[in-house]
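These notes concern the structure reproduced below.
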Amino acid sequence: MKSYAQGLQIRLQDELSQLQEQGLYKKERIMVSLQAAEITLSDGRTAINCCANNYLGLSSHPRVLEAAHKALDSHGFGMSSVRFICGTQDIHKELERAIAQFYGTEDSILYAAAFDANGGAFEPLLGEKDAIISDALNHASSIDGVRLCKAHRYRYANNNMEELEACLVQCRDAGHENVLIVTDGVFSMDGYVAQLDRIVELAQKYGAMTMVDECHAAGFLGERGRGTPELCGVHGQIDLVTGTLGKALGGAMGGYTTGRKEMIAMLRQRSRPYLFSNSLPPAIVGASLEVFRMLEESNELPRKLAENVRFFKEGILNLGFDIRDGASAIVPIMLYDAALSQRMADSLLDEGVYVIGFFYPVVAQGQARIRVQLSAGHSTEQLQRVIDAFGKVGRRLGVIPA
Ligand SMILES: *Cc1c(COP(=O)(O)O)cnc(C)c1O
């Protein structure tokens with residue numbers, strides 16, 4: 001008789017080969033260089049990197065590296081503890097204060113990742129008398145977090161404010177005690193920005209609370225890089241903000257939730273990924289503090305990124321490409337055809353440009369695209385090379401006029 005383990009092994013082998021046949025099997029490309037605007041791959045090729053979340057070019061920035069080294073020397077390698085046992089150092093508290101100051105909020109709490117911040121945000125705060133209204137395109141971590149919570153669930157189509165208002169009316173009629181609207185600040189596949197001004201207005205009208213996941217916006221959207229709330233003119237007016245230290249803000253890892261002090265205090269008591277998972281290592285904490293200092297000192301990096309986005313979009317539109325034109329640092333170049341998106345990405349790598357083609361089920365059927373992510377670390381010369389490569393490959397593949 002077959003053992004259960006053998007049965008599972010056969011099933012997994014089947015499913016894995018199906019993924020491969022359908023072209024859905026995710027492979028990992030191996031880099032041998034630092035994370036930067038230009039990278040070296042294991043086959044020796046170099047490429048301009050347009051698919052990292054390294055929006056501010058801080059992943060290997062000298063100031064960030066130096067701060068990490070210093071914290072490593074002064075505070076050690078690891079904490080070997082969760083926060084409430086013996087995993088809290090002075091710098092962990094300092095970083096939580098810096099994050100609250102950055103957002104104009106009352107307090108913050110650190111997590112090992114934003115996935116954990118979102119996963120652990122809902123269940124401690126809301127219960128069966130309450131309701132959560134989510135944007136349909138919210139990140140997987142918010143979706144999972146909401147699932148772990150007993151609150152009633154409502155959902156509106158991406159960025160559709162009429163549907164959001166209809167949900168709020170339903171919630172009012174159902175008599176839920178507390179209602180929380182949850183949205184990503186920037187939707188990462190389209191690069192579109194949530195209409196936070198309208199969301200805050202609707203929340204006020206119906207007495208709801210707001211929560212924004214700022215992973216693809218924190219540090220660079222808005223004049224001073226405070227993210228989507230700043231861009232939409234509602235800085236300091238969001239009840240709960242989550243974000244990552246693993247994208248623009250240094251790129252290592254770590255997440256946070258910031259907002260009203262009673263909410264943060266309760267998360268420290270009850271949020272399971274905080275209570276039952278290790279404290280952030282000192283090197284990351286020290287480096288992140290330096291990142292917030294840099295953003296406090298000047299808005300040079302967010303400004304450089306905004307300039308790069310303008311420059312790139314102009315070049316790519318002039319070539320005749322069709323883009324999704326959001327206000328973020330993500331520029332999806334629409335190809336609609338899945339196979340074409342893969343061929344184009346491969347050809348671009350041959351030209352020294354590293355991008356990824358996305359297709360169903362990551363994006364809707366027939367909406368295949370190449371997603372370009374810009375960075376303050378890209379030089380104008382590098383971006384011109386990227387634009388030229390898109391022109392050359394696009395003409396050869398018949399995507400744009402010859
Ligand atoms: C990347 C991302 C996360 C997860 O962040 P980690 O810190 O890597 O866990 C959560 N939400 C959104 C919107 C993201 O883009």
Side-chain angles (χ1 to χ4, degrees), residues 26 28 35 51-56 58-59 95-96 99 102-103 108-122 132 134-148 155 158-159 180-196 199 210-221 227-229 231-232 238 240-259 267 271-274 276-281 283-285 287-288 291-292 326-332 356 358 362-363 371-375:
K26 293 181 197 63
E28 295 171 1
Q35 183 62 277
C51 53
N53 303 309
N54 186 15
Y55 294 112
L56 293 175
L58 295 177
S59 306
L95 179 56
E96 286 174 342
I99 292 169
F102 184 79
Y103 284 104
S108 330
I109 174 173
L110 294 172
Y111 288 86
F115 204 103
D116 291 330
N118 287 328
F122 303 97
I132 299 170
S134 308
D135 187 291
L137 286 193
N138 279 355
H139 191 262
S141 53
S142 296
I143 295 173
D144 286 5
V146 170
R147 279 192 189 134
L148 293 170
R155 204 166 70 144
N158 180 229
N159 253 331
L180 177 66
I181 305 168
V182 186
T183 182
D184 283 7
V186 168
F187 298 95
S188 65
M189 281 299 146
D190 293 320
Y192 289 148
V193 175
Q195 301 165 62
L196 280 193
I199 291 175
T210 50
M211 171 170 162
V212 181
D213 175 346
E214 281 286 280
C215 284
H216 280 286
F220 55 95
L221 276 201
T228 320
L231 186 75
C232 297
I238 308 295
L240 217 51
V241 177
T242 57
T244 183
L245 302 171
K247 291 187 171 123
L249 303 172
M253 66 185 308
Y256 54 84
T257 302
T258 187
L267 292 177
S271 183
R272 292 164 69 85
Y274 183 79
F276 300 111
S277 188
N278 208 28
S279 180
L280 275 184
I284 290 181
V285 177
S288 303
V291 168
F292 283 102
S328 71
I330 295 168
V331 183
I356 302 281
F358 290 97
V362 179
V363 296
R371 180 176 74 169
V372 174
Q373 291 176 281
L374 296 156
S375 168

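What's counted below: heavy atoms across the whole structure, side chains too, no hydrogens, waters or symmetry copies. Start at 1 and go down the list; that is how both ligands and their atoms are numbered.
- Tyr111 is listed as a side-chain neighbour of Thr257, based on a closest heavy-atom distance under 4.5 Å.
- Against a heavy-atom cut-off of under 4.0 Å, Asp184 is close to the following atoms of ligand 1: 13 (C).
- Of the candidates Lys247, Met253, His139, Lys247 brings a heavy atom nearest to atom 15 (O) of ligand 1.
- Of the protein's heavy atoms, Ala114 CB, 3.2 Å lies nearest to atom 5 (O) of ligand 1.
- Using a 4.0 angstrom heavy-atom cutoff, Ser141 counts as in contact with ligand 1.
- No option in Val193, Ile330, Asp135 other than Asp135 meets the side-chain contact (heavy atoms from CB on, under 4.5 Å) test with Phe187.
- Thr242 and Asn118 share a donor-acceptor pair across their side chains, judged by distance under 3.5 Å alone.
- Regarding atom 8 (O) of ligand 1, its nearest protein heavy-atom neighbour is Thr244 OG1, 4.2 Å.
- Among all protein heavy atoms, the one lying closest to atom 13 (C) of ligand 1 is Asp213 OD2, 3.2 Å.
- Among protein heavy atoms, atom 9 (O) of ligand 1 sits closest to Phe115 N, 2.9 Å.
- At least one donor-acceptor pair closer than 3.5 Å links the side chain of Asn138 to the backbone N or O of Val182.
- At least one side-chain heavy atom of Phe115 sits under 4.5 Å from a side-chain heavy atom of His139.
- Close contacts of ligand 1 with Cys215, meaning ligand atoms under 4.0 Å from a residue heavy atom, involve 2 (C), 3 (C), 10 (C), 11 (N), 12 (C), 13 (C), 14 (C), 15 (O).
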Could you go through the side chain to side chain contact (heavy atoms under 4.5 Å, CB included) check for His216 and Asn53 one step at a time? CA-CA 8 Å; His216 280 286; Asn53 303 309; 3.3 Å; yes

